[in-house]
2 protein chains.
Amino acid sequence: METLNAAELLAALGHESRLGIFRLLVEAGPEGIIASAIGEKLGLPAPTLSFHLAHLSRVGLIRGQKESRFIRYLAEYATMEDLIAFLTSNCCQGRACLPKTSACSNIEKRSTT
Amino acid sequence: METLNAAELLAALGHESRLGIFRLLVEAGPEGIIASAIGEKLGLPAPTLSFHLAHLSRVGLIRGQKESRFIRYLAEYATMEDLIAFLTSNCCQGRACLPKTSACSNIEKRSTT
DNA sequence: TCCATATTTCCATAATAATAAAACTATGGA
DNA sequence: TCCATAGTTTTATTATTATGGAAATATGGA
(Lines give C-alpha, C1' and ligand atoms only; values in the text may rest on other atoms or scores of the structure.)
Protein backbone atom coordinates (compact mmCIF):
# COMPACT_ATOMS: atom_id res chain seq x y z
CA MET A 1 0.00 0.00 0.00
CA GLU A 2 1.37 3.40 -0.93
CA THR A 3 1.30 6.40 1.32
CA LEU A 4 -1.25 8.17 -0.86
CA ASN A 5 -3.70 5.31 -0.67
CA ALA A 6 -3.22 4.92 3.07
CA ALA A 7 -3.79 8.64 3.54
CA GLU A 8 -7.08 8.30 1.69
CA LEU A 9 -8.23 5.55 4.00
CA LEU A 10 -7.16 7.49 7.06
CA ALA A 11 -8.87 10.62 5.84
CA ALA A 12 -12.03 8.62 5.23
CA LEU A 13 -11.95 7.45 8.85
CA GLY A 14 -10.89 10.87 10.05
CA HIS A 15 -14.40 12.19 10.40
CA GLU A 16 -16.58 11.58 13.41
CA SER A 17 -19.64 10.42 11.47
CA ARG A 18 -17.71 8.15 9.13
CA LEU A 19 -15.69 6.64 11.96
CA GLY A 20 -18.96 6.08 13.80
CA ILE A 21 -20.44 4.35 10.77
CA PHE A 22 -17.40 2.17 10.30
CA ARG A 23 -17.22 1.12 13.92
CA LEU A 24 -20.88 0.30 13.92
CA LEU A 25 -20.31 -1.98 10.95
CA VAL A 26 -17.21 -3.54 12.47
CA GLU A 27 -19.19 -4.34 15.59
CA ALA A 28 -22.09 -5.63 13.56
CA GLY A 29 -19.92 -8.21 11.87
CA PRO A 30 -21.01 -10.12 8.77
CA GLU A 31 -24.69 -9.33 9.36
CA GLY A 32 -24.01 -5.73 8.49
CA ILE A 33 -26.58 -3.01 8.97
CA ILE A 34 -29.29 -1.53 6.77
CA ALA A 35 -28.52 2.04 5.79
CA SER A 36 -31.54 3.58 7.43
CA ALA A 37 -30.73 1.85 10.73
CA ILE A 38 -27.27 3.42 10.66
CA GLY A 39 -28.84 6.80 10.09
CA GLU A 40 -31.20 6.36 13.03
CA LYS A 41 -28.46 5.18 15.34
CA LEU A 42 -26.19 8.09 14.52
CA GLY A 43 -28.87 10.70 13.98
CA LEU A 44 -27.82 11.56 10.45
CA PRO A 45 -30.19 12.93 7.79
CA ALA A 46 -30.45 10.68 4.76
CA PRO A 47 -28.42 12.76 2.29
CA THR A 48 -25.61 13.27 4.78
CA LEU A 49 -25.55 9.56 5.57
CA SER A 50 -25.52 8.69 1.90
CA PHE A 51 -22.64 11.06 1.31
CA HIS A 52 -20.52 9.41 3.99
CA LEU A 53 -21.49 5.88 3.00
CA ALA A 54 -20.47 6.66 -0.55
CA HIS A 55 -17.15 8.01 0.66
CA LEU A 56 -16.40 4.92 2.75
CA SER A 57 -17.44 2.67 -0.12
CA ARG A 58 -15.32 4.53 -2.63
CA VAL A 59 -12.15 3.93 -0.61
CA GLY A 60 -13.10 0.31 0.03
CA LEU A 61 -13.66 0.36 3.78
CA ILE A 62 -17.27 -0.75 3.50
CA ARG A 63 -19.48 -2.40 0.92
CA GLY A 64 -23.19 -2.18 0.33
CA GLN A 65 -25.38 -4.91 -1.03
CA LYS A 66 -28.89 -4.33 -2.18
CA GLU A 67 -31.69 -6.30 -0.56
CA SER A 68 -35.00 -5.47 -2.11
CA ARG A 69 -35.64 -1.87 -1.12
CA PHE A 70 -32.82 -1.75 1.42
CA ILE A 71 -29.07 -1.58 1.27
CA ARG A 72 -27.11 -3.60 3.75
CA TYR A 73 -23.67 -2.25 4.49
CA LEU A 74 -20.76 -4.35 5.68
CA ALA A 75 -17.29 -3.52 6.91
CA GLU A 76 -14.48 -4.57 4.60
CA TYR A 77 -12.13 -6.07 7.13
CA ALA A 78 -9.43 -6.83 4.61
CA THR A 79 -8.97 -3.16 3.79
CA MET A 80 -8.67 -2.32 7.45
CA GLU A 81 -6.15 -5.09 7.94
CA ASP A 82 -4.06 -3.74 5.11
CA LEU A 83 -4.19 -0.28 6.59
CA ILE A 84 -3.12 -1.42 10.03
CA ALA A 85 -0.38 -3.52 8.47
CA PHE A 86 0.82 -0.42 6.65
CA LEU A 87 0.77 1.66 9.79
CA THR A 88 2.68 -0.90 11.79
CA SER A 89 5.26 -1.63 9.14
CA ASN A 90 8.62 0.05 8.85
CA CYS A 91 8.52 0.75 12.52
CA CYS A 92 11.92 0.79 14.20
CA GLN A 93 13.94 0.57 10.99
CA GLY A 94 12.12 -2.39 9.57
CA ARG A 95 12.25 -4.41 12.76
CA ALA A 96 8.46 -4.28 12.78
CA CYS A 97 7.92 -3.93 16.48
CA LEU A 98 4.27 -3.06 16.08
CA PRO A 99 2.35 -6.27 15.68
CA LYS A 100 1.53 -7.55 12.25
CA THR A 101 -2.20 -7.95 12.13
CA SER A 102 -3.89 -11.22 11.34
CA ALA A 103 -7.07 -9.38 12.10
CA CYS A 104 -10.68 -10.29 11.59
CA SER A 105 -10.11 -13.34 9.44
CA ASN A 106 -12.00 -15.36 12.03
CA ILE A 107 -15.06 -13.23 11.55
CA GLU A 108 -16.25 -15.52 8.78
CA LYS A 109 -16.63 -18.26 11.34
CA ARG A 110 -19.18 -16.39 13.41
CA SER A 111 -22.81 -17.37 13.27
CA THR A 112 -25.00 -15.01 11.31
CA THR A 113 -27.73 -14.77 13.96
CA MET B 1 -10.38 6.86 23.66
CA GLU B 2 -13.58 8.37 22.34
CA THR B 3 -14.60 8.38 18.72
CA LEU B 4 -14.10 12.13 18.41
CA ASN B 5 -10.52 11.95 19.59
CA ALA B 6 -9.75 8.96 17.38
CA ALA B 7 -11.22 10.78 14.40
CA GLU B 8 -8.88 13.70 15.10
CA LEU B 9 -5.87 11.41 15.07
CA LEU B 10 -7.03 9.70 11.88
CA ALA B 11 -7.70 13.02 10.20
CA ALA B 12 -4.24 14.18 11.18
CA LEU B 13 -2.74 11.12 9.49
CA GLY B 14 -5.18 11.41 6.61
CA HIS B 15 -3.04 13.76 4.60
CA GLU B 16 -0.21 12.67 2.40
CA SER B 17 2.36 15.10 3.76
CA ARG B 18 1.51 14.46 7.39
CA LEU B 19 1.43 10.72 6.94
CA GLY B 20 4.80 11.02 5.22
CA ILE B 21 6.18 13.01 8.12
CA PHE B 22 4.83 10.58 10.67
CA ARG B 23 6.18 7.53 8.90
CA LEU B 24 9.57 9.17 8.56
CA LEU B 25 9.61 9.71 12.30
CA VAL B 26 8.38 6.21 13.08
CA GLU B 27 11.19 4.81 10.95
CA ALA B 28 13.70 7.15 12.51
CA GLY B 29 12.96 5.82 15.98
CA PRO B 30 14.09 7.57 19.14
CA GLU B 31 16.71 9.59 17.32
CA GLY B 32 13.98 11.56 15.64
CA ILE B 33 14.68 14.00 12.83
CA ILE B 34 15.48 17.71 12.69
CA ALA B 35 12.64 19.70 11.16
CA SER B 36 14.62 21.02 8.21
CA ALA B 37 15.73 17.50 7.32
CA ILE B 38 12.10 16.41 7.16
CA GLY B 39 11.33 19.33 4.89
CA GLU B 40 14.17 18.44 2.56
CA LYS B 41 13.23 14.79 2.42
CA LEU B 42 9.61 15.52 1.58
CA GLY B 43 10.17 18.67 -0.44
CA LEU B 44 7.98 20.89 1.68
CA PRO B 45 8.45 24.65 2.01
CA ALA B 46 9.15 25.76 5.58
CA PRO B 47 5.73 27.27 6.41
CA THR B 48 3.87 24.29 5.02
CA LEU B 49 6.06 21.92 6.97
CA SER B 50 5.61 23.95 10.13
CA PHE B 51 1.86 23.89 9.64
CA HIS B 52 1.76 20.11 9.41
CA LEU B 53 4.23 19.58 12.24
CA ALA B 54 2.08 21.79 14.44
CA HIS B 55 -1.00 19.79 13.52
CA LEU B 56 0.64 16.47 14.32
CA SER B 57 2.01 17.87 17.59
CA ARG B 58 -1.35 19.27 18.61
CA VAL B 59 -3.04 15.88 18.40
CA GLY B 60 -0.12 14.21 20.15
CA LEU B 61 1.25 12.02 17.36
CA ILE B 62 4.66 13.66 17.39
CA ARG B 63 6.67 15.80 19.76
CA GLY B 64 9.36 18.37 19.12
CA GLN B 65 12.27 19.13 21.36
CA LYS B 66 14.46 22.13 20.89
CA GLU B 67 18.17 21.60 20.44
CA SER B 68 19.98 24.88 20.15
CA ARG B 69 18.75 26.33 16.88
CA PHE B 70 17.09 23.13 15.72
CA ILE B 71 13.95 21.27 16.64
CA ARG B 72 14.11 17.53 16.74
CA TYR B 73 10.82 15.80 16.15
CA LEU B 74 9.96 12.36 17.46
CA ALA B 75 7.04 10.01 16.89
CA GLU B 76 4.81 9.49 19.92
CA TYR B 77 4.40 5.75 19.74
CA ALA B 78 2.04 5.61 22.70
CA THR B 79 -0.55 7.69 20.90
CA MET B 80 -0.33 5.48 17.86
CA GLU B 81 -0.69 2.39 20.01
CA ASP B 82 -3.82 3.82 21.60
CA LEU B 83 -5.25 4.58 18.20
CA ILE B 84 -4.62 1.11 16.85
CA ALA B 85 -6.03 -0.39 20.03
CA PHE B 86 -9.15 1.70 19.51
CA LEU B 87 -9.46 0.63 15.90
CA THR B 88 -9.07 -3.03 16.71
CA SER B 89 -11.37 -3.00 19.72
CA ASN B 90 -15.09 -3.80 19.66
CA CYS B 91 -14.53 -5.90 16.60
CA CYS B 92 -16.91 -8.83 16.33
CA GLN B 93 -19.13 -7.86 19.26
CA GLY B 94 -16.36 -7.36 21.75
CA ARG B 95 -14.63 -10.60 20.89
CA ALA B 96 -11.67 -8.53 19.83
CA CYS B 97 -10.54 -10.53 16.87
CA LEU B 98 -8.20 -7.84 15.61
CA PRO B 99 -4.96 -8.10 17.57
CA LYS B 100 -4.46 -5.93 20.60
CA THR B 101 -1.29 -4.02 20.02
CA SER B 102 1.62 -4.17 22.40
CA ALA B 103 3.34 -2.01 19.88
CA CYS B 104 6.63 -0.17 19.90
CA SER B 105 7.29 -0.42 23.62
CA ASN B 106 10.57 -2.11 22.79
CA ILE B 107 11.73 0.93 20.90
CA GLU B 108 13.19 2.39 24.09
CA LYS B 109 15.67 -0.48 24.13
CA ARG B 110 17.20 0.40 20.78
CA SER B 111 20.59 2.00 20.65
CA THR B 112 20.57 5.68 19.81
CA THR B 113 23.29 5.44 17.18
C1' DT C 1 -51.61 1.37 -11.30
C1' DC C 2 -50.81 4.05 -7.15
C1' DC C 3 -48.67 4.76 -2.87
C1' DA C 4 -45.25 4.54 0.76
C1' DT C 5 -40.62 3.70 1.80
C1' DA C 6 -35.47 3.51 1.09
C1' DT C 7 -31.92 5.63 -0.81
C1' DT C 8 -29.51 8.54 -3.87
C1' DT C 9 -28.47 12.68 -6.63
C1' DC C 10 -28.66 17.58 -7.26
C1' DC C 11 -27.80 21.87 -5.59
C1' DA C 12 -26.50 25.88 -2.92
C1' DT C 13 -24.36 27.22 1.11
C1' DA C 14 -21.31 27.11 4.87
C1' DA C 15 -17.32 25.59 7.08
C1' DT C 16 -12.74 23.96 7.17
C1' DA C 17 -8.18 23.00 5.62
C1' DA C 18 -4.00 23.67 2.75
C1' DT C 19 -0.68 26.56 0.61
C1' DA C 20 3.23 29.53 0.60
C1' DA C 21 5.03 34.44 0.46
C1' DA C 22 6.42 37.80 3.71
C1' DA C 23 7.53 39.16 8.12
C1' DC C 24 8.95 37.82 12.65
C1' DT C 25 11.67 35.34 16.50
C1' DA C 26 15.22 32.80 18.48
C1' DT C 27 20.03 31.15 18.55
C1' DG C 28 24.86 30.49 17.82
C1' DG C 29 29.01 31.98 15.70
C1' DA C 30 32.31 35.58 13.77
C1' DT D 1 27.23 43.60 17.70
C1' DC D 2 26.10 41.68 13.22
C1' DC D 3 25.01 38.01 10.34
C1' DA D 4 23.24 33.67 8.84
C1' DT D 5 20.36 29.99 9.87
C1' DA D 6 16.19 27.36 11.78
C1' DG D 7 11.81 27.69 12.60
C1' DT D 8 7.35 29.88 13.46
C1' DT D 9 3.52 33.12 12.85
C1' DT D 10 0.79 36.04 10.11
C1' DT D 11 -1.90 36.66 6.31
C1' DA D 12 -4.39 36.10 2.10
C1' DT D 13 -5.88 33.06 -1.18
C1' DT D 14 -7.44 28.91 -2.97
C1' DA D 15 -9.28 24.44 -2.73
C1' DT D 16 -11.81 20.99 -0.64
C1' DT D 17 -15.31 18.99 2.19
C1' DA D 18 -19.61 18.84 4.76
C1' DT D 19 -24.43 19.78 5.20
C1' DG D 20 -29.20 19.05 4.36
C1' DG D 21 -33.47 20.58 1.65
C1' DA D 22 -35.69 19.36 -2.52
C1' DA D 23 -36.23 16.50 -6.26
C1' DA D 24 -35.35 12.09 -8.43
C1' DT D 25 -35.05 6.98 -8.61
C1' DA D 26 -35.95 2.34 -7.37
C1' DT D 27 -38.80 -1.27 -5.16
C1' DG D 28 -42.42 -3.83 -3.15
C1' DG D 29 -47.08 -4.02 -1.59
C1' DA D 30 -52.14 -2.73 -1.84
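Sequence lines set the chain letters: A, B, ... in the order given, protein chains first and strands last, and positions in each chain run from 1.
- Nucleic acid contact class of B:Ser36 (heavy atoms, under 4.0 Å, all strands): sugar-phosphate only.
- Side-chain atoms of B:Arg72 come within 3.5 Å of backbone atoms of B:Glu31 as a donor-acceptor pair (strictly under, hydrogens ignored).
- Remark: C1' of D:dG21 and CZ of A:Phe51 are 16 Å apart, rounded to the nearest angstrom.
- Along DNA chain D, the nucleotide nearest A:Glu67 and the nucleotide nearest B:Leu49 are compared for position; the residue whose nucleotide lies closer to the 5' end is B:Leu49.
- Across all their heavy atoms, B:Phe86 and B:Glu2 have their closest contact at CE1-C, 4.2 Å.
- A side-chain contact (heavy atoms from CB on, under 4.5 Å) with A:Leu10 is found for one member of A:Leu87, A:Val59, A:Asn5 and no other, namely A:Leu87.
- In this entry the distance linking CG of B:Leu44 with C1' of D:dA6 reads 16 Å, nearest Å.
- An OP1 or OP2 oxygen of C:dT19 is reached within less than 4.0 angstrom by a side-chain nitrogen or oxygen of B:His52.
- A:Leu56 places its CG atom 14 Å from the C1' atom of D:dA18, with the value rounded to the nearest Å.
- B:Leu19 and B:Leu74 end up in different hydrophobic clusters when Ile, Leu, Val, Met, Phe, Trp and Tyr side chains are linked at under 4.5 Å.
- Here B:Ile34 lies in heavy-atom contact (under 4.0 Å) with sugar-phosphate atoms only.
- Close to C:dT16, at under 4.0 Å from its OP1 or OP2, lies no side-chain N or O of A:His15.
- For B:Thr48, a side-chain nitrogen or oxygen approaches OP1 or OP2 of C:dA20 to under 4.0 Å.
- Taking atom CD on B:Gln65 and atom C1' on D:dA6, their separation rounds to 16 Å, with Å as the unit.
- The separation between B:Ile21 atom CD1 and C:dA18 atom P is 11 Å, rounded to whole Å.
- The residue among B:Pro47 and B:His55 whose nearest nucleotide of DNA chain C is located toward the 5' end is B:His55.
- Between B:Leu25 and B:Tyr73, the closest heavy-atom pair is CD2-O, 3.3 Å.
- Toward the 5' end of DNA chain C, the nearer of the two residues B:Gly14 and B:Ser68, judged by each one's closest nucleotide, is B:Gly14.
- Across all strands, B:Ala35 comes closer than 4.0 Å only to sugar-phosphate atoms, never to a base (heavy-atom distances).
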**Request:** Dump the intermediate steps for side-chain contact (heavy atoms from CB on, under 4.5 Å) on A:Ile71 and A:Ile34, then the final yes or no.
**Result:** CA-CA 6 Å; A:Ile71 300 183; A:Ile34 298 301; over 6 Å; no
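- For A:Arg69, counting side-chain heavy atoms from C-beta on, the closest listed nucleotide (C:dA4, C:dT7, D:dT8) is C:dA4.
- Across the protein-nucleic acid pair, A:Leu42 atom CG and D:dT19 atom P stand 12 Å apart, rounded to whole Å.
- Of the two residues near DNA chain D, B:Ala37 and A:Ser17, the one whose nearest nucleotide lies more 5' is B:Ala37.
- Rounded to an integer number of Å, the gap from A:Glu16 CD to C:dA15 C1' is 16 Å.
- Counting any heavy atom pair closer than 4.0 Å across all strands shown, B:Arg18 reaches sugar-phosphate atoms only and no base atom.
- Distance CG (A:Leu53) to P (C:dT8): 6 Å, rounded to an integer number of Å.
- Considering only side-chain N and O atoms, A:Lys66 lies nowhere under 4.0 angstrom from the phosphate OP1 or OP2 of D:dA26.
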